[in-house]
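Structure first, commentary second.
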Amino acid sequence: MAAMQGASVVGGGRSWKWRAKHFVGSHLRQVPCLDACVQVVPKTLRFWRRRKYQTLGQGEQDDGTEVEDKRQSINHAFGGLVIKVAMLCMIGVTVLTMVQNSKYEEQAKDRLPEEMGAEPSDEEFRRDAPLVLYLGALELLICGACAQTASNLYTRRRHALKHPQDCEGERMQRYVKVELSKDASQQDRQLYGLVFRSSTDGLECLVVEQVQPNSLLDLWNRKCNRENVQQILQAALGGSAAAGLDGAPGGGVGPAMPVQRRVLPGAAVVAINHVFADVGMMQLELSKPSVTLWVRSEIFHPSLLESEVLADDDETPAPAPGQASDSGPPAIAPPGAPAADGVVVDGSVPGPIFFGKPCEDESPSGGSTFNAAYAIAGPRCASLAFEDEEPQILMRWLICSVLFGWVTMLPVLLMQPHESRPRQHLFRQYLLKPCLFLMPLWLLAWLLDCVELFFEANIMSPFFYFSVVHMLMPAVLVWYLLKLQAADQQLVLDQRKARQAEAAKDSSALQPVAVEDPAPTLLKEFICMNPVALVIIGSVAAIPIVISSLLTPMKTERARMAQGFLNMVYGPQIFLQLAFMWVLTNVKFVDLPRFYVACFGFLLSVPCFVVWCICLTCASRYGRQDMLLAQGQRIQRGRALVVTEKQAGDEESGSAGPEQEMPASSVVDTVEVMHREWELCYSA
């Protein structure tokens with residue numbers, strides 16, 4: 001049995017089913033307008049089930065007190081207009097197709113068999129041209145859907161506009177307030193037990209991945225669990241019966257108290273202390289000795305769409321050996337900690353559990369305080385990132401713009417950046433000026449291409465159109481994209497350094513923080529994108545990608561490793577781009593519709609399938625190597641902090657103890673994200 005279980009598990013303790021599901025999810029994220037397309041499907045026809053904790057922001061609507069953010073109104077209006085125009089174009093092309101095909105079928109009956117293999121005639125051009133015009137209408141639809149999605153992504157929700165403590169009445173009850181304080185004797189050594197990942201693309205919250213067993217947060221959950229049982233017993237048996245079970249003297253039947261909610265995986269931390277709507281500063285608060293968390297159990301956002309579509313009935317992972325289940329208190333208490341009845345038990349023996357009986361260390365007032373000395377300290381170092389949110393979807397659209405040009409570039413430039421988010425301002429800072437020159441040319445060339453197909457007029461030769469629009473202009477764009485990636489890396493490093501130095505001035509009891517280099521998001525998207533899109537982009541832009549990568553130095557080790565994989569993936573595709581240029585020299589205007597169809601057919605051929613497999617292998621290899629590098633950096637930097645701290649302590653005491661290397665699990669957490677492949681969680 002153990003051998004069978006081991007056979008179904010791959011590296012990192014993840015099953016093959018989990019890897020396969022999240023492989024599909026990673027490629028669902030490549031569809032740039034997936035969210036806008038999904039919203040069109042009626043809820044009754046959707047074959048997936050929305051997770052019950054995915055309605056943050058949307059669940060707050062229709063109560064008459066919405067707080068609205070109008071910053072993205074231009075993108076929203078532009079997207080709606082373009083979608084309507086695209087639908088009208090599709091209707092017109094459909095009518096044109098029906099008319100052209102009816103004429104072609106009558107003419108084809110009179111053609112001789114030896115004429116069927118001849119060069120394309122005007123009739124065949126008219127037959128195939130609507131297929132290409134459909135592609136133009138589809139590009140309009142994608143552009144509008146991307147604009148709508150960008151508007152939904154970066155429209156600030158209520159939790160990003162107003163601190164939860166300023167809410168009143170029913171809105172206040174939607175949040176769970178968690179107050180945690182570390183033990184006074186180990187404020188810089190104890191963790192809260194919160195394992196999370198930062199949200200992306202405008203959500204501005206911390207998504208809970210795990211709650212470490214026997215930690216401060218786990219003790220808070222267990223305390224709420226006992227209080228919930230008491231309240232249920234009071235409601236079912238009456239106050240006197242419940243009081244008798246609790247061992248408390250007397251008591252009448254009082255009003256039923258609302259059941260307290262616990263912090264479980266999938267919940268969203270929307271504010272920490274006085275900080276909200278800033279994931280970097282919220283993580284900075286987690287390094288302090290006491291925190292107040294404001295948590296919501298329901299979140300929904302377009303950046304989480306692939307997790308929603310692929311969600312199972314129960315996404316909560318099975319507990320690891322010795323780890324507590326999320327449905328109740330852990331079966332084994334830590335050494336020296338009190339059991340449910342307050343009796344200290346040994347760590348290897350399960351302690352008794354009494355339903356409805358409070359711990360002796362709870363405050364008489366019934367508040368949320370408890371004895372922090374009973375909680376385990378956890379790893380020596382926290383893992384926190386103090387930078388702004390990562391714009392993953394916008395980076396993905398920039399990669400698509402190498403192929404589609406203005407289609408996915410316009411929604412990115414129309415997105416109104418947040419006034420205090422420097423990472424969002426980088427897009428206009430590096431791309432606005434070149435796009436002011438490229439965008440009119442892109443739109444003009446696209447319009448002329450549609451006009452010449454509709455009116456059968458040769459305005460531009462196919463070689464000129466493809467070489468300029470799909471090779472020369474993307475080459476300029478790729479150069480600025482690599483510059484954008486280098487600037488983003490430097491900005492993240494500066495933010496981490498400045499915010500950590502600022503926090504060190506305010507408090508001397510900060511938790512040591514060990515974190516890896518920031519992820520090179522743009523380079524990662526170039527490598528791990530869908531293999532079909534990767535081959536297409538390589539056939540038109542492999543040369544500028546490799547040259548721009550070689551001429552753009554990166555400062556971090558993770559970015560340099562990504563550059564190596566980028567050159568390895570796109571280097572061989574230089575020959576594919578040269579072959580594509582040679583083919584274009586032989587394409588005539590009358591061959592243009594058939595050329596488009598032949599290109600899509602070539603993508604389904606055996607040579608392309610082999611290239612896809614190679615690209616998938618390289619992407620998987622890169623993901624694994626990147627995660628191992630991030631884990632190694634975390635552990636190495638954590639051990640360096642521990643050694644420095646030990647040396648400082650030895651100098652103060654005047655005695656030097658034997659140097660022993662701490663195990664990795666005692667230095668820092670390196671837990672993999674539940675719904676993202678090859679990505680590590682943060683912990684505090």
Side-chain angles (χ1 to χ4, degrees), residues 50-73 151-181 192 194 196 198-208 211 216-217 220-221 223-224 227-228 231 255-286 288 290-304 363 365-369 388-389 418-421 684:
R50 172 176 295 177
R51 268 187 260 154
K52 57 185 178 182
Y53 57 80
Q54 287 190 333
T55 54
L56 180 60
Q58 294 189 3
E60 300 174 344
Q61 296 176 358
D62 301 328
D63 58 359
T65 57
E66 291 82 15
V67 180
E68 297 183 357
D69 177 24
K70 298 294 186 180
R71 294 180 309 115
Q72 308 300 333
S73 58
S151 174
N152 294 334
L153 284 170
Y154 288 94
T155 297
R156 285 179 281 189
R157 273 62 176 171
R158 177 183 291 139
H159 73 274
L161 296 171
K162 191 175 184 180
H163 196 285
Q165 68 181 358
D166 297 330
C167 299
E168 298 177 355
E170 182 182 352
R171 283 174 288 172
M172 172 69 79
Q173 296 177 2
R174 295 190 178 118
Y175 299 96
V176 179
K177 183 179 180 181
V178 182
E179 295 179 341
L180 302 175
S181 296
Y192 295 111
L194 176 63
F196 62 93
S198 297
S199 63
T200 61
D201 300 289
L203 183 55
E204 296 290 359
C205 68
L206 306 179
V207 182
V208 179
V211 176
L216 285 171
L217 186 55
W220 189 91
N221 277 342
K223 176 181 180 296
C224 290
E227 292 179 352
N228 292 341
Q231 294 161 13
M257 298 294 291
V259 176
Q260 296 189 34
R261 291 167 289 178
R262 297 177 296 152
V263 180
L264 299 177
V269 181
V270 299
I272 300 178
N273 295 338
H274 64 284
V275 179
F276 66 102
D278 190 335
V279 294
M281 297 303 295
M282 288 165 62
Q283 294 183 64
L284 192 61
E285 294 295 315
L286 286 174
K288 296 182 178 180
S290 62
V291 295
T292 300
L293 310 178
W294 296 85
V295 185
R296 280 207 59 170
S297 60
E298 301 173 344
I299 57 175
F300 174 76
H301 196 251
S303 62
L304 305 174
S363 62
S365 62
S368 59
T369 60
D388 295 337
E389 260 191 343
H418 193 286
E419 58 273 6
S420 58
R421 298 291 180 272

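Values in this document were obtained by computation on a predicted structure and should not be read as measured data. Index from 1, following the sequence.
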Could you tell me if the side chain of [Y] sits less than 4.5 Å from the side chain of [X], heavy atoms only?
{"X": "Leu206", "Y": "Ile272", "answer": "yes"}
{"X": "Asn152", "Y": "Gln72", "answer": "no"}
{"X": "Val263", "Y": "Val208", "answer": "yes"}

Discussion item. Does this structure show an ion pair linking Lys162 with Glu168, if we count only N-O contacts that are shorter than 4.0 Å?
Written reply: no
From [atom1] ([X]) to [atom2] ([Y]), nearest 0.5 Å:
{"X": "Arg157", "Y": "Glu204", "atom1": "CZ", "atom2": "CD", "value": "11.0 Å"}
{"X": "Arg71", "Y": "Glu419", "atom1": "CZ", "atom2": "CD", "value": "6.0 Å"}
{"X": "Leu180", "Y": "Leu286", "atom1": "CG", "atom2": "CG", "value": "9.5 Å"}
{"X": "Leu161", "Y": "Asp166", "atom1": "CG", "atom2": "CG", "value": "12.0 Å"}
{"X": "Lys288", "Y": "Tyr192", "atom1": "NZ", "atom2": "OH", "value": "10.0 Å"}
{"X": "Arg421", "Y": "Tyr154", "atom1": "CZ", "atom2": "OH", "value": "11.0 Å"}

Item to complete: State, to 0.1 Å, how close Gln165 and Trp294 come at their nearest heavy-atom pair, and which atoms those are.
Response: CB-CZ2, 3.6 Å
Worksheet item: Do Arg156 and His418 get their side chains close enough for a donor-acceptor pair, meaning under 3.5 Å?
Response: yes
Practice prompt. Say whether Glu389 and Ser198, considering side chains only, have a donor N or O and an acceptor N or O under 3.5 Å apart.
Written response: no
